[in-house]
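Remarks on the structure that follows.
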Amino acid sequence: VILSPASRVYLDMKYDEGTELGTTWMGTTELTRTADWHPHGTIAGLPTEAIAGVEACIWTETMRTFDDLSYMLLPRLAAAADIARYGSIDWEEFAAGLPARAREWRKYGWVWHRSPGIDWDAG
């Protein structure tokens, strides 16, 4: 099974009601909602060994530019990638590492959502 719960890792969901891009058919998905996901508890009774991986989806009907795309992907894609690799995220450790990741995003000129609770200028 490849898991991709829309309420956690459909990265075209708006971050909040004020986000211009994205949709809300599954609600809104701020970074903390993506980060607070444990694949092994997604489907009751599903054995851990049956999980082949996770998938983060994005539908681009509200996006027109690469900046739009990177804004919707980042930083949630970083959380989804860490969950895929480790199975869960330690929020404090993950949040503390985001400014360094953002420094890399800045080097490439990528746009990202400045999720609340992160000291984005620390990187």
Side-chain angles (χ1 to χ4, degrees):
V1 174
I2 296 176
L3 299 170
S4 185
S7 63
R8 304 291 183 152
V9 289
Y10 266 50
L11 304 181
D12 55 319
M13 294 294 111
K14 291 182 177 208
Y15 288 96
D16 57 36
E17 290 296 329
T19 305
E20 288 185 39
L21 301 168
T23 62
T24 57
W25 62 268
M26 194 54 148
T28 59
T29 307
E30 184 49 74
L31 173 62
T32 52
R33 185 159 173 75
T34 298
D36 186 31
W37 174 51
H38 305 276
H40 302 294
T42 301
I43 300 173
L46 182 68
T48 300
E49 61 273 7
I51 300 172
V54 300
E55 173 185 55
C57 299
I58 190 157
W59 303 95
T60 59
E61 68 269 19
T62 67
M63 294 159 236
R64 300 290 177 250
T65 66
F66 182 79
D67 285 352
D68 291 349
L69 178 64
S70 67
Y71 178 83
M72 294 303 288
L73 289 173
L74 301 171
R76 295 180 295 193
L77 185 59
D82 282 5
I83 289 167
R85 182 173 183 189
Y86 303 114
S88 66
I89 288 177
D90 174 280
W91 174 253
E92 296 301 320
E93 183 180 319
F94 176 75
L98 278 176
R101 289 180 176 188
R103 185 173 50 245
E104 292 297 310
W105 302 338
R106 245 185 242 108
K107 279 189 348 190
Y108 293 108
W110 297 347
V111 175
W112 72 93
H113 174 71
R114 268 94 170 148
S115 291
I118 308 296
D119 184 4
W120 293 106
D121 296 324

Roughly how far apart are Arg114 CZ and Leu74 CG, rounded to 0.5 Å?
10.5 Å
Just how far is it from atom CZ of Arg64 to atom CG of Leu69, taken to the nearest 0.5 Å?
12.5 Å
Trace of the side-chain contact (heavy atoms from CB on, under 4.5 Å) decision for Trp25 with Tyr10
CA-CA 11 Å; Trp25 62 268; Tyr10 266 50; 3.8 Å; yes
Full working for side-chain contact (heavy atoms from CB on, under 4.5 Å) between Trp112 and Leu98:
CA-CA 11 Å; Trp112 72 93; Leu98 278 176; over 6 Å; no
For residues Ala78 and Arg101, report the shortest heavy-atom separation together with the two atoms involved.
CB-NH1, 2.9 Å
Closest heavy-atom contact between Asp67 and Gly109?
OD1-O, 4.4 Å
State, to 0.1 Å, how close Thr28 and Glu17 come at their nearest heavy-atom pair, and which atoms those are.
CG2-OE2, 3.7 Å
From His40 atom NE2 to Ser88 atom OG, the distance as rounded to the nearest 0.5 Å
8.0 Å
Looking only at heavy atoms, the pair that brings Ala35 and Ile83 closest together is O-CD1, 3.9 Å
Whether Arg106 engages the ring of Trp110 as a cation-pi pair (distance to the six-membered ring centre under 6.0 angstrom, angle to the ring normal within 45°) should be assessed.
no
For the CH2 atom on Trp59, are there more than 12 heavy atoms of other groups (residues, nucleotides or ligands in this structure) within a distance under 6.0 Å?
no
Quick one: OG on Ser70 to OH on Tyr108, what's the gap to the nearest 0.5 Å?
13.5 Å
Would you please name every residue forming a side chain to side chain donor-acceptor pair (under 3.5 Å) with Asp36, sequence neighbours left out?
none
Under a side-chain separation threshold of 4.5 Å, the hydrophobic residues clustered together with Ile2 are none
Do Leu77 and Trp91 sit in the same hydrophobic cluster, where Ile, Leu, Val, Met, Phe, Trp and Tyr count as joined when their side-chain heavy atoms come under 4.5 Å apart?
yes
Smallest heavy-atom separation, Thr29 atom then Ala6 atom, equals OG1-O, 4.5 Å
Minimum side-chain heavy-atom gap Thr60-Met72 below 4.5 Å
no
Please report the closest heavy-atom contact between Ile51 and Pro39, naming both atoms and the distance.
CD1-O, 3.8 Å
Counting C-beta onward and ignoring hydrogens, is there a side-chain heavy-atom pair between Thr42 and Trp37 closer than 4.5 Å?
yes
Cluster question for you: counting only ILVMFWY and a side-chain heavy-atom cut-off of under 4.5 Å, with indirect links fine, are Met26 and Leu3 together?
no
To the nearest 0.5 Å, what is the distance between OG1 on Thr19 and CE on Met13?
11.5 Å
Quick one: pull up CG in Asp12 and OG1 in Thr62 and give me the separation to the nearest 0.5 Å.
7.0 Å
Under 4.0 Å between a side-chain nitrogen and a carboxylate oxygen: does that hold for Glu30 and Arg33?
no
Test of understanding: with side-chain contact (heavy atoms from CB on, under 4.5 Å), list the residues that count as partners of Asp90, not counting sequence neighbours.
Glu92, Glu93
Flag yes if Val9 and Leu31 sit in one hydrophobic cluster, no otherwise; membership is Ile, Leu, Val, Met, Phe, Trp, Tyr, and two members link when side-chain heavy atoms are under 4.5 Å apart.
yes
I want to check something: taking the side chain as every heavy atom from C-beta on, are Thr34 and Tyr15 in contact at a cut-off of under 4.5 Å?
no
